[in-house]
Novice: 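Shown below is the structure under consideration.
Computed from a predicted model, the values in this text were never measured in an experiment. The chains referred to below are lettered A, B, ... by the order of the sequence lines, with proteins before strands, and numbering in each begins at 1.
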Amino acid sequence: MRRALVMIAAATLALGGCGKKSKSKDDDAPNDQHQDEQQPPQDGDAHPGEGEPKPGPQPGPEPGPVVTPILSESEATQSKDGAFWVKVVWADGPRAEEYQKVTLTFADGARLLPTEVKDVDAKSWMPSMGHGGADDDRAVAKDAEKANVYTVSDLWLTMGGAWELRVKATVNGKADTAHVKVDVP
Amino acid sequence: MKHAVALALFFVGSARAYACASCGSGGDDPLVLYPNEETKAYVGLSRATAFKNVGPGGEVVTAGGPATKDTTTVAVGRAISRRAFATVTLPYVRNARDGDSESGMGDPSVAARYTAVLPTLAEPALPQVQLVAGYKHAQAKSIHDTEDPRTLLDVFGTGFSEAKAGVDVWYGNYAAKAGVAVTALFPQERTFDGTRYQPGDGVRATASAGYGWTARAKTTVGANREQRRALRLDGEEQADSGQLVHSAFLTQDLMPGPLDDVKLTLSRQAAFGRNVNTARSTSVSLAYTRVF
């Protein structure tokens with residue numbers, strides 16, 4: 001029995017030495033800042049004495065950083081080649097035969113905050129009829145504060161029915177298109 | 001009997017299906033000739049209103065485009081033989097909405113019919129059987145090349161030429177009459193803005209029944225079913241783009257003289273049953289036909 005207790009104590013001391021987090025290569029990645037914003041604070045970061053052996057058994061290998069997507073699969077649509085996800089919010093609609101404005105929120109292929117979003121455009125299309133809306137006057141604007149948010153105004157859906165908003169963008173250097181389904185009453 | 005046949009054939013044209021509210025009517029042939037007729041003319045006025053779109057799931061939604069579509073149709077028919085004749089049909093369309101309107105020619109069409117089975121007094125139970133062929137030429141603006149994409153007031157056609165072939169069977173020798181017509185529809189592909197459009201082939205079937213109250217008055221009711229395959233763009237089939245429409249019509253036919261015929265028709269597109277990717281509307285038509 002005594003021998004067993006000695007072995008447990010030795011193992012505990014050995015594992016405690018692994019608690020200190022070392023800076024990894026990934027910490028320098030551009031996404032890291034955003035990932036840190038998405039992570040809940042770690043207890044170990046908030047208390048002094050980090051790295052000191054703690055009593056009791058400790059977990060084995062250190063888990064990787066916790067990454068929380070900025071968009072859920074249920075609220076966003078993935079682009080055709082998986083380069084990005086986009087969430088579409090209609091300002092007051094969707095409605096037929098009225099000027100419409102949408103807000104596009106982009107995430108990268110892993111649904112994380114992207115480092116760069118550019119070349120954004122969005123156009124309405126009615127697949128069942130094979131025609132688009134009257135969108136020639138549409139205007140695309142980048143949000144002043146959030147680099148992954150754009151607005152598209154002056155979209156015009158010609159009639160009600162099953163439409164798509166076809167969103168083009170280059171996200172983290174990858175150009176792709178997402179077809180976002182829109183049911184217009 | 002010949003007037004009843006005319007009615008039955010007219011109904012095939014009057015109960016036309018619209019691909020969508022703003023698209024054209026397809027321009028079927030409203031005029032038929034009988035064995036003893038050489039030349040015949042037709043003028044019809046129709047007004048379609050109460051447009052609603054029907055989506056891929058059958059949901060009824062905003063139609064868009066004109067609120068009223070008035071069509072003046074002029075057709076002339078000429079006998080080729082005792083059993084065959086040809087017709088030319090020209091529609092002129094006026095679209096209106098919120099005080100604005102635009103007018104223009106619709107898609108002209110030609111058609112020919114050959115009477116394969118001609119009933120006689122000796123065989124009154126024999127139906128008349130006609131073989132039908134026709135072609136509609138897409139010359140009017142469509143939703144694919146409109147210059148007024150918000151109001152669609154300049155859209156007077158579907159944008160696609162279309163050939164058709166079918167058979168028309170009519171029992172008309174008695175006061176109670178009935179008929180069935182089935183037509184295969186073959187729209188032609190066309191390129192708009194670099195995209196190749198291939199509308200799906202279709203089948204239109206019309207069943208009608210009528211009663212001749214007197215030699216100069218008939219009433220006919222009928223139903224129409226039109227189904228089309230999915231649209232293809234650059235060879236790729238578009239999901240949920242097939243069309244289905246069930247329509248109904250009621251016509252009162254009066255013949256003030258032996259050479260004259262007046263028809264008043266009330267029809268309803270997407271009137272019953274399952275309808276997909278089409279338009280619901282109500283139309284009233286008044287037509288006059290005269291033999292020369």
Novice: Heavy-atom count around B:Asp234 CG within 6.0 Å, excluding the residue itself: above 12?
Specialist: yes
Novice: Is the shortest side-chain N to carboxylate O distance from B:Glu162 to B:Lys164 below 4.0 Å?
Specialist: no
Novice: So if I take each residue of residues 99-107 of chain A and look for any heavy atom under 4.5 Å from a heavy atom in chain B, which residues do I end up with?
Specialist: A:Tyr99
Novice: Between B:Thr282 and B:Arg268, is any side-chain donor less than 3.5 angstrom from a side-chain acceptor?
Specialist: yes
Novice: What about the rings of B:Phe192 and A:His131, do their centers lie closer together than 6.0 Å?
Specialist: no
Novice: Scan side-chain atoms only and decide if B:Ser142 and B:Asp145 contain a donor-acceptor pair under the 3.5 Å cut-off.
Specialist: yes
Novice: Checking A:Pro127 against chain B: side chain, backbone, both or neither under 4.5 Å from a heavy atom?
Specialist: both
Novice: Give a yes-or-no answer on whether the side chains of B:Arg190 and B:Gln188 include a donor-acceptor pair shorter than 3.5 Å.
Specialist: no
